[in-house]
Amino acid sequence: MHGFTLLELLIALAAGILLIAALSDILISIKDGWSRAVRIEQQWSDEASSQQLISRVLEAAIPPEHPNIQGVHFKGMENSIEFSTVPSQSAFASGRMDGRLFLAPHSNGLFTLELRLDAPVLFQSAEKPSSQNWTLLKDIETVEFFYFSKGSRQGSKLWVNMDKLPELIKLHVVFADKTRLPFWIIAHPYQTISGNCLLDQTSFMCRAS
């Protein structure tokens with residue numbers, strides 16, 4: 001019987017090695033593509049969650065001009081916002097919260113965007129959390145804060161009117177990873193409280209005066 005020659009075996013072995021190498025490259029490419037897709041999906045999820053949370057607390061910011069409220073404030077700076085808020089669906093759980101949205105520096109020269117909510121001492125109790133902190137976005141190169149007054153198209157990097165809320169707040173986020181597109185976080189503080197309203201300091205609900 002005629003068998004395979006040594007040359008034929010070597011050719012078959014070489015062809016098999018080339019086929020395995022090609023398949024390995026394909027598998028590596030698929031794995032890298034999958035990892036990249038998962039990372040991008042997580043980034044989009046983080047951005048969407050940040051937009052939702054920041055919008056929620058800033059849109060519920062308490063107008064500082066109300067005569068029946070004590071200790072309420074709003075201060076807009078170049079890289080942080082300090083405010084008082086009652087986030088939706090949390091009035092009975094946490095009551096009024098004092099918030100701070102700010103950039104936190106890190107040793108690598110980049111920043112994280114942080115949100116901290118603290119219950120005023122008056123509202124703290126064993127049943128209610130006194131503070132909550134979120135790291136919203138990581139590996140940030142810069143964030144620009146813009147504040148718009150009513151009817152204005154030109155934003156300012158400082159909000160100096162301590163008696164009024166801005167009509168619109170925009171944050172422009174730029175990441176260190178240039179494959180990530182910059183994006184805007186936009187919030188419209190809309191909460192208004194009638195001058196005839198007396199506030200329940202526990203639930204922060206409005207009662208007729």
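All values reported here derive from a predicted model rather than from experimental measurement. The residues of the chain are indexed from 1 along the displayed sequence.
Taking CD1 of Ile28 as the reference point, atom CG of Leu23 lies at 11.0 Å (rounded to 0.5 Å). Taking CD of Gln51 as the reference point, atom CG of Asp46 lies at 13.5 Å (rounded to 0.5 Å). We find the CZ-OG distance between Arg36 and Ser29 to be 9.0 Å, quoted to the nearest 0.5 Å. Rounding to the nearest 0.5 Å gives a distance of 14.0 Å between OG of Ser80 and CZ of Arg116. With rounding to the nearest 0.5 Å, the separation of CG in Leu168 from CZ in Phe148 is 6.0 Å. Lys138 contributes atom NZ, which lies 8.5 Å from atom OG1 of Thr112 (distance to the nearest 0.5 angstrom).
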Report all side-chain donor-acceptor pairs from residues 169-178 shorter than 3.5 Å, counting only partners two or more places apart or in another chain.
| residue | atom | partner | partner atom | Å |
| --- | --- | --- | --- | --- |
| Asp177 | OD1 | Thr179 | N | 3.0 |
| Asp177 | OD1 | Thr179 | OG1 | 2.6 |
| Asp177 | OD2 | Thr179 | OG1 | 3.0 |
| Lys178 | NZ | Glu141 | OE1 | 3.2 |
| Lys178 | NZ | Glu141 | OE2 | 3.2 |
| Lys178 | NZ | Phe175 | O | 3.4 |

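The closest side-chain heavy-atom distance from Lys164 to Lys150 is not below 4.5 Å. In this structure, the side chains of Phe83 and Val57 come closer than 4.5 Å at one or more pairs of heavy atoms.
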Test log, rule side chain to side chain contact (heavy atoms under 4.5 Å, CB included), inputs Glu144 and Lys157
CA-CA 8 Å; Glu144 293 182 286; Lys157 292 189 176 182; 3.1 Å; yes
Give the intermediate values and the outcome of side chain to side chain contact (heavy atoms under 4.5 Å, CB included) for residues Glu78 and Leu158.
CA-CA 6 Å; Glu78 291 185 5; Leu158 292 173; 4.0 Å; yes
Working for side chain to side chain contact (heavy atoms under 4.5 Å, CB included), residues Lys75 and Trp159
CA-CA 6 Å; Lys75 186 176 183 181; Trp159 184 255; over 6 Å; no
Side chain to side chain contact (heavy atoms under 4.5 Å, CB included) between Val143 and Asn79, intermediate numbers included:
CA-CA 7 Å; Val143 175; Asn79 56 9; over 6 Å; no
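Salt-bridge check for Arg100 with Glu82: passed, with a basic side-chain N closer than 4.0 Å to an acidic carboxylate O.
Hydrophobic cluster membership differs between Phe74 and Phe102, with clusters built from Ile, Leu, Val, Met, Phe, Trp and Tyr side chains linked at under 4.5 angstrom. In the hydrophobic cluster analysis, where Ile, Leu, Val, Met, Phe, Trp and Tyr join through side-chain heavy atoms closer than 4.5 angstrom, Leu53 is grouped together with Leu113. A continuous path of ILVMFWY side-chain contacts below 4.5 Å connects Leu103 to Ile54, so both sit in one hydrophobic cluster. Under the 4.5 Å side-chain contact rule for hydrophobic residues, Leu165 and Leu117 share a cluster. One hydrophobic cluster, built from ILVMFWY side chains closer than 4.5 Å, holds both Phe183 and Trp134.
Under a 3.5 Å cut-off, the side chain of Tyr147 and the backbone N or O of Met77 do form a donor-acceptor pair. With Ser84 contributing its side chain and Asp98 its backbone, the two residues share no donor-acceptor pair below 3.5 Å. At least one donor-acceptor pair closer than 3.5 Å links the side chain of Ser50 to the backbone N or O of Leu136. His188 places a side-chain N or O within 3.5 Å of a backbone atom of Glu167 that can act as its donor or acceptor partner. In this structure a side-chain-to-backbone donor-acceptor pair under 3.5 Å is missing from Ser55 to Ala187.
Trp184 CH2: more than 12 foreign heavy atoms inside a 6.0 Å radius.
Considering only residues two or more places apart in sequence or on other chains, Thr135 meets the side chain to side chain donor-acceptor pair (under 3.5 Å) condition with Glu114.
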